[in-house]
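Note that the coordinates shown come from a computational prediction; the quantities given were computed from them, not determined experimentally. We name chains A, B, ... by the order of the sequence lines, and we start the count at 1 in each one.
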Amino acid sequence: MHHHLLQSLRLCATGGNPFSGKALHARILKIGLDQHGPLPNTLIYMYAKRGLLKDALQVFDDMRQRDLVSWASILTAYNRANLPNRSISIFPDMFGRDSLQPDHFVFASLVNSCAALNALQIGRQVHAQFVLSEFSSDDITKSSLVDMYAKCGSLDDARAVFDTICTKNSVSWTAIISGYAKAGRKSESVKLLRDMKVQDLFSWTALISGLIQSGHFVSAFHLFVEMQKEGIKIIDPFILSSVIGASANLAAQELGKQVHCLVLKLGFESNLYVCNTLIDIHVGLVNKGCDLFKSMVDDYGLKPNLQHYTCLLDLYSRSGYLDEAENLLNTMPFEVDEAVWASLLSACKRFGKTQMGIRIANRLMGLGVKDPSSYILLSNAYAGESMWENVAKVRRLMEAIDVKKEPGYSCVHLGKETEVFYAGETGHPMKNEMRVLLKDLDEEMRKRGYVPDVSFVLHDMGKKEKENQLFWHSERLAVAYGLLNGVPGSVIRVVKNLRVCGDCHTVLKFICSIVGREIVVRDASRFHHFKDGRCSCSDFCCDMEALSRKVSVGS
DNA sequence: GTAAATAATC
């Protein structure tokens, strides 16, 4: 009978229907067992765990004889209800009213209250009593003391207690690592993590989020990547919200988006903290930008020029504020060029705004289009809505103005000589060697998760043919030639007349890590320095891309 | 013999 009731109460404490706990309580009262054995204490415990402080207090006050278990349970109830100060204020009644001396359970709860209150002086007093008590060797209470001192910023005390813990578990390690990391003592916190035999998500989260809190964003990101390489599974959203928060701080929007992808893939998008930090990124930057723009006009009396508007538009469209972007486009006193419309169109695609996408595409068509990439955007926008007539129209326009006017080529510099390659070139004397090398690399890349992104191919053909097209892009030929003929281990230097396509960008990241060589590509818009699987133009993002691919493959 | 305590996120 009692066993059954006890077990049911314990089940109610950890989950299930909150009303069933009250129903059980009613039944216990009815059969007159409310003062019997462990039942009243378990009722307090159950109410405490469910956050029903009033009910817990009711049982506590009605008890004829309170014991240490009752006290430990009611202190937990206060802590759970976020009222640690009430724990401290009610605690003296334990000596007075009930003539009890605290045991290790009560000590741990009290120390926990002090930690939440940042009450270092009281914490020290509790510590002193604990040391004098017969429970002074209890490791759990010591762990809570480590946490309390760490949270109060008294790291030397935390470390001293930590060193006396006989059997250190995940909780004790996490408490001390968190303390050092939040205090910005990076090397010590990292060393502690490495000293752990079995690191888990708790300890990594403590380290990474602590370093983020103390401003060590870059180290934190590298550790975040390392954590996942170590195979630590992200089974709850704590670490994500903290990493997203850091990307907001770094204003690393691309990185933020990558983490956002990870959030979606892992299914934590509904978590409150994660949401809030994400909004800090999509809202924080936009608000900042709008404020600057407004202050430019209102406070400094400046008249925004086309570049200013373009910048604000870019901010809007990158952050998904597409209605605002379109509105601004329609009201601003300038005509914008093709590039601006194209960027808004690609944002429409990214944020799934198909209707607006078609609207923008029509405007862009009316404007006349020169850039080949705009044609791809247009074609994709119409194809996405099955507007095949418009797709055909885009294609006819492409043919009419001969989009392929400027052929892409890449030069590779080997000492004094320079070799030039055109896309799809087949007449080169070393063609076979280059093909074999690229094929081997392709195989290895696919093993590592590479999927060709054929959306960068302009022509109308099947997927296999498109992949083949990508395979023969000039920058790959140039790199292959450089690998075959250059000095082993030297940096491969390539110059390209057009912009490196997105797929080749990914491929070069893979290649540089497979062959262990640095590759530098100067394209039409910038330098790309490929090294260790990353590119200088988006260091973190590359890591994150690889990671999110890994996650998607894993799940 | 029963029942109670400690760590990581905006």
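The phosphate of dC10(B) has OP1 or OP2 within less than 4.0 Å of a side-chain N or O from Q213(A). For dT6(B), one of the phosphate oxygens OP1 or OP2 lies less than 4.0 angstrom from a side-chain nitrogen or oxygen of N112(A). The shortest distance between the side-chain N/O atoms of K168(A) and the OP1/OP2 oxygens of dT6(B) is not below 4.0 Å. Put simply, K49(A) has a side-chain N or O that comes within less than 4.0 Å of OP1 or OP2 on dA5(B).
The nucleotide whose nearest atom lies closest to any side-chain atom of P38(A) is, among dA8(B), dT6(B), dA3(B), dA3(B). Side chain of D67(A), nearest nucleotide from dA4(B), dA3(B), dA7(B): dA3(B). The side chain of I140(A) approaches dT6(B) more closely than any other nucleotide in the set dA4(B), dT6(B), dA7(B). When distances are taken from the side chain of D236(A) to each of dG1(B), dA8(B), dA3(B), the shortest belongs to dA8(B). Minimum atom distance to the side chain of A175(A) is reached by dA7(B), of the listed dT6(B), dA7(B), dA4(B).
For the 3.5 Å distance criterion, the side chains of S109(A) and N112(A) fail to qualify, holding no donor opposite an acceptor. For the 3.5 Å distance criterion, the side chains of K49(A) and T14(A) fail to qualify, holding no donor opposite an acceptor.
Protein atom CZ of R66(A) is 16 Å distant from nucleotide atom C1' of dA3(B), rounded to whole Å. With rounding to whole Å, D139(A) atom CG is found 15 Å from dA7(B) atom P. Nucleotide dT9(B) holds its C1' atom 13 Å from the CD1 atom of I234(A), rounded to whole Å. The interatomic distance linking D138(A) (CG) with dA5(B) (P) rounds to 13 Å, in whole Å. Atom C1' of nucleotide dT2(B) and atom CG of L43(A) are separated by 15 Å, given to the nearest angstrom. Between H36(A) atom NE2 and dT2(B) atom P there is a gap of 16 Å when expressed in whole angstrom units. As a whole-Å value, the separation of N271(A) CG from dA8(B) P is 16 Å. Rounded to whole Å, atom C1' of dA8(B) lies 12 Å from atom CD1 of I235(A).
Counting atom types as modelled, S241(A) pairs a side-chain N or O with a base atom of dT9(B) as donor and acceptor under 3.5 Å.
Residues passing the salt bridge (Lys or Arg N to Asp or Glu O under 4.0 Å) test with E324(A), sequence neighbours excluded: none. Take F238(A) and apply the ring pair (Phe, Tyr, Trp, His ring centres under 6.0 Å) test, not counting sequence neighbours, and it matches no residue. With sequence neighbours excluded, the residues forming a ring pair (Phe, Tyr, Trp, His ring centres under 6.0 Å) with W173(A) are F162(A), listed by chain and number. D236(A) is linked by a salt bridge (Lys or Arg N to Asp or Glu O under 4.0 Å) to nothing, counting only residues two or more places apart in sequence or in another chain.
The cationic group of R66(A) lies under 6.0 Å from the six-membered ring centre of F60(A) and within 45° of the ring axis, placing it in a cation-pi geometry.
Sorted by residue number, the members of residues 73-89 of chain A with any non-hydrogen atom under 4.0 Å from DNA chain B read S73(A), T76(A).
Within 4.0 Å (heavy atoms only), S109(A) reaches sugar-phosphate atoms of the nucleic acid but no base atom. Across all strands, F202(A) comes closer than 4.0 Å to base atoms (heavy-atom distances).
Per the stacking criterion (ring centres < 5.5 Å, plane angle < 30°), F238(A) stacks onto the base of dT9(B).
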Listing, residues 125-135 of chain A side-chain donor-acceptor contacts under 3.5 Å, not counting sequence neighbours, or none:
from, atom 1, to, atom 2, distance (Å)
H127(A), ND1, Y149(A), OH, 2.7
S133(A), OG, F130(A), O, 2.7
S133(A), OG, F135(A), N, 3.1

